[in-house]
There are 2 protein chains.
Amino acid sequence: MTDAILILRQCGIQPTPQRIAVVECVLNGNGHPTADDVLISARKTCPTVSRATVYNTLNLLVEKGLIGMQTIREGAVVFDPNVEKHHHFIDDDTGDIYDIPWDQLDVKGKDKLKDFEILEFQVIMRGRRKKR
Amino acid sequence: MTDAILILRQCGIQPTPQRIAVVECVLNGNGHPTADDVLISARKTCPTVSRATVYNTLNLLVEKGLIGMQTIREGAVVFDPNVEKHHHFIDDDTGDIYDIPWDQLDVKGKDKLKDFEILEFQVIMRGRRKKR
DNA sequence: GTATCGATTTAGACAATGTCAAGATCGGAG
DNA sequence: CTCCGATCTTGACATTGTCTAAATCGATAC
């Protein structure tokens, strides 16, 4: 269980019940929720929270570097509690998104791209998760 | 100038003025248009074309493998006349999307991902295009 | 206790993206 | 010409995301 209040304070954000609910949903939830996923699950602990507050809070958290934001799914941005560099695998059947540790893959040849200043990059893979 | 009629026939799609306009906009246009970009530019040659037809046609073309579809920009899917495997670079300042040839980059380590069956992958880079 | 002030939240309006259904339209076969 | 199937258009609808005005909350001052 993460201490949402502490985390918010460390980022210079006033903790409120609504913001605490949002932080807990993203950080303790599993996976890569959309804003709407967060809204629904935040309402379980804070039933009156509004859509605008969820969006505002998520954007605030992204701005402060507390969570990531990925545009890898059709229709809606997803938020990512993992702020370390990592790659992504998307299961085409289920839509589930999995993190792939950064050091599992090595991308060679970026230095050949003379015309581009690469500030960040990631590998995005699609396919099926094997059932073990 | 691509022969849109021929291309459509080869895919088993009835050529119509609307579909021809859509195909020409995507294939002859530069870059990675959104559906709305295509709608606007298709209306220059076929002023009555409707939004639904543009969406239907684009989805049809994707289904037939004539164009690609990428979810790399926030807010809207982009379509891609380049159906060869390739990577993408996104200019954070302008939002422009550039194709990076497949053989410029080499991704090592995919075979280590035992739990995933990778059907396709690409490297997505963000940053700034250098002015020469 | 109460008034006040700033920050936060809410509700609803709004724009954009994308899908869908119903009716209109088009083109070819008989 | 008529009919029929395919295609197109229009408008409704759901969803995502942003914005604004009004309500609410909390802390401080009196």
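All chains are named by letter (A, B, ...) in the order of the sequence lines, taking the proteins before the strands, and each is independently numbered beginning at 1. Below, all heavy atoms of this structure are taken into account, side chains as well, without hydrogens, waters or symmetry copies. This one's a predicted model, so the numbers in the text were calculated from it and none came from an experiment.
- R51(A) CZ to R43(A) CZ: the interatomic distance, rounded to the nearest 0.5 Å, is 9.0 Å.
- Among the protein residues, A52(B) comes within range of the nucleic acid bases, having at least one heavy atom under 4.0 Å from a base atom.
- Residue K110(A) holds its NZ atom at 9.0 Å from CE of M125(B), rounded to the nearest 0.5 Å.
- As rounded to whole Å, 8 Å separates atom C1' of dA16(C) from atom CZ of R51(B).
- Partners of L27(B) according to the side-chain contact (heavy atoms from CB on, under 4.5 Å) rule, which considers only residues two or more places apart in sequence or in another chain, are T2(B), I7(B), V23(B), I67(B), P81(B).
- At a cut-off of 3.5 Å, with distance as the only test, a side-chain donor of D99(A) or H32(A) sits close to an acceptor on the other residue.
- The CD atom of Q104(B) sits 10.0 Å away from the CG atom of D111(A) when rounded to the nearest 0.5 Å.
- Taking atom CG of residue N56(B) and atom P of nucleotide dC20(C), one finds them 9 Å apart after rounding to whole Å.
- Residues V22(A) and Q18(A) form no side-chain contact, since every pair of their non-hydrogen atoms from C-beta on lies 4.5 Å or further apart.
- Between Y55(B) and dG18(C) there is a side-chain polar atom (N or O) within less than 4.0 angstrom of OP1 or OP2.
- Residues from residues 66-74 of chain A with heavy atoms under 4.0 angstrom of DNA chain C: there are none.
- Cluster partners of V78(B), using a side-chain heavy-atom cutoff of under 4.5 Å among ILVMFWY residues and allowing indirect links, are I72(A), V78(A), I90(A), I97(A), I124(A), I72(B), I90(B), I97(B), I124(B).
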- Query: Can you give one letter per nucleotide of nucleotides 24-30 of chain C, 5' to 3': B if a protein heavy atom sits under 4.0 Å from the base, S if only from the sugar-phosphate, - if neither?
  - Reply: -------
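- Put simply, CD1 on I118(A) and CG on L113(A) are 5.0 Å apart, with the number rounded to the nearest 0.5 Å.
- The distance between atom CG of L61(A) and atom C1' of dT8(C), rounded to the nearest whole Å, is 15 Å.
- With hydrogens and angles left out, the side-chain atoms of T34(B) and D37(B) include a donor and acceptor closer than 3.5 Å.
- Here SG of C11(B) is found 8.5 Å from CG of L60(B). Values are rounded to the nearest 0.5 Å.
- A heavy atom closer than 4.0 Å to some atom of DNA chain C occurs in A35(B), D36(B), these being the qualifying members of residues 30-49 of chain B.
- Counting heavy atoms from C-beta outward, D115(B) and F89(A) have side chains that stay 4.5 Å or more apart.
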Which protein N or O atoms sit under 3.5 Å from an N or O of nucleotides 5-7 of chain D?
{"from": "dT7(D)", "atom 1": "OP1", "to": "R19(B)", "atom 2": "NH1", "distance (Å)": "3.3"}

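- A 4.5 Å side-chain heavy-atom check between V107(B) and F121(B) finds at least one atom pair inside the cut-off.
- Checked by atom type, the side-chain pair Q122(B)/H88(B) shows a donor-acceptor distance below 3.5 Å.
- In this model, the phosphate group of dT19(C) is approached by a side-chain N or O of N59(B) to a distance below 4.0 Å at OP1 or OP2.
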